[in-house]
Chemist: 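Right, I'll just put the structure down here and ask away after.
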Amino acid sequence: MPVSEDDLREHLAEAGNDHPFERYTGIVSGDSAMDRFRTPSEFSPQLPFDAIILVFVFIFPLYFTSQFFMMSVMNERVGRAGEALLSAPVRSTAIVVGKALPYFTIMILISAAITFFAGAPMTILLPLVPVILFFLANALIIGMASRSFKELSFVSIFFSTLATSYLFFPTVFANTHVISIISPLTLVVLDIQGDGFTAMEYVYSTVLFFATSIILFYVGITNFREEHLFSQKPLASRLADFVSGGIGRDHPHLSLFLLAAFTIPFVFMAQMLTLVLFFNIPMPLSLVLLTVSAAFIEEFAKSIGLYAVARERPGFLTPKNLLLGAVAIGFGFLAGEKLLLLATLAQITESIFGSVLFLSLQVLWMPLLLHITGVLVTGGFLLLWGRRAYGPGLVAASVVHSLYNLYFLTGALL
């Protein structure tokens, strides 16, 4: 059922009593339940300028070191030096781990050295570990997927822009708003200020980085094969090959179920990024933009597996397989998002933005039906008009999903 704004306010106010996030006075507080929800434009926080500058000093050497890892992968592909590694009697896991481990060690040593000379507590290395793994995992995939150094540069710059936005923008609101906790760098800022962080806060900030890094390394290891490394297909086609490589021929629907569940960390991370980008836009426009973008992100994540398998095996996409695949994807997506949301992101819902973003998950059967319907819409376009109809199908499914989200948003705010 739609939730009223008064109920949301009362719930958020009650959460402020002895709450682990009571430092975020913008949303979680013990003030009157009828206080207005506030956005950053209404805050006058003291900017932790010195701590943020020190965080910049940490992150840029780490990012550039990951670029060297990316370049090493690309050099072996372009110079065909990787063929010798592939012919060696070792697993691809050993090759990838062996290539990444020296860079991981260097990045840890750089962080430890900066921490020592800055006189900061060594505990700030804990939030930096998932960030380092995230940089290395993305560097591996970008290095494997790019066809040329020009394409590599473009993709790496695009990634760095998104990663920097996700990591740094929330730190400005450290000690001010609960949304800041989505970035591990907020924990670094808090630790430098002497406030420290709890185990719960550490889990909330880092679990998406750990989860996405593990999945990306798995994808890289699985596709570390000659036919993928030395292919000259366009970037989008190569990424689709990476996805289809994880869909088994013997049990495709089980693979689609697992793939949908494994996309959840990436979906939540993308939605958290939109949350950061739209956070300072006045309401209700920010909430409308957030719900529409969240719908598109989810529909893309749900349909990418179906598109990949239909692209590789056109005969697979029949009405029966589409229905079975939609059900498998719907259940996988719902299971993944419920587990991750309940286990790690519960505190984000203490914000009005997070409440709206995950509001519809309160009723299980409705999001399940929505997930299945969205896949059926996109898959129906693919079945009737082929791969070229994937874009229009994705837009149509996003419209349906947005209307569903806006229904809950309207019910919550009216």
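Values in this document were obtained by computation on a predicted structure and should not be read as measured data. Reckoned from all heavy atoms, side chains included, excluding hydrogens, waters and symmetry mates.
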Chemist: Does S293 use its side chain to pair, donor to acceptor, with the backbone of L290 at less than 3.5 Å?
Modeler: yes

Chemist: Let me confirm one number: the CZ-OH distance from F262 to Y218, rounded to the nearest 0.5 Å.
Modeler: 7.5 Å

Chemist: Which value, rounded to the nearest 0.5 Å, describes the distance between L140 atom CG and F69 atom CZ?
Modeler: 5.0 Å

Chemist: Answer whether the closest heavy-atom distance between the side chains of F135 and Q67 falls below 4.5 Å.
Modeler: no

Chemist: May I ask you to decide if L126's main-chain N or O and Y202's side chain share a donor-acceptor pair within less than 3.5 Å?
Modeler: yes

Chemist: Is a donor on one side and an acceptor on the other found under 3.5 Å between the side chain of E151 and the backbone of R147?
Modeler: yes

Chemist: With a 4.5 Å heavy-atom cut-off, do V377 and F381 have their side chains touching?
Modeler: yes

Chemist: So how far is it from I141 CD1 to N223 CG, rounded to the nearest 0.5 Å?
Modeler: 7.0 Å

Chemist: After noting the C-alpha distance and the side-chain angles of Y166 and F134, does the key distance pass the ring pair (Phe, Tyr, Trp, His ring centres under 6.0 Å) rule?
Modeler: CA-CA 12 Å; Y166 189 101; F134 182 72; 7.8 Å; no

Chemist: Within the structure provided, determine whether L216 and L136 are in side-chain contact (heavy-atom separation under 4.5 Å).
Modeler: no

Chemist: I'd like to know if the side chain of T263 reaches the main chain of A260, judged simply by a donor and an acceptor atom lying under 3.5 Å from each other, with no hydrogens or angles considered.
Modeler: yes

Chemist: Consider only side-chain N and O atoms of S303 and Y390, and report whether a donor and an acceptor are under 3.5 Å apart.
Modeler: yes

Chemist: Using side-chain heavy atoms (C-beta onward) and a distance below 4.5 Å, is F257 in contact with I329?
Modeler: no

Chemist: Is any side-chain heavy atom of K302 closer than 4.5 Å to one of T378?
Modeler: no

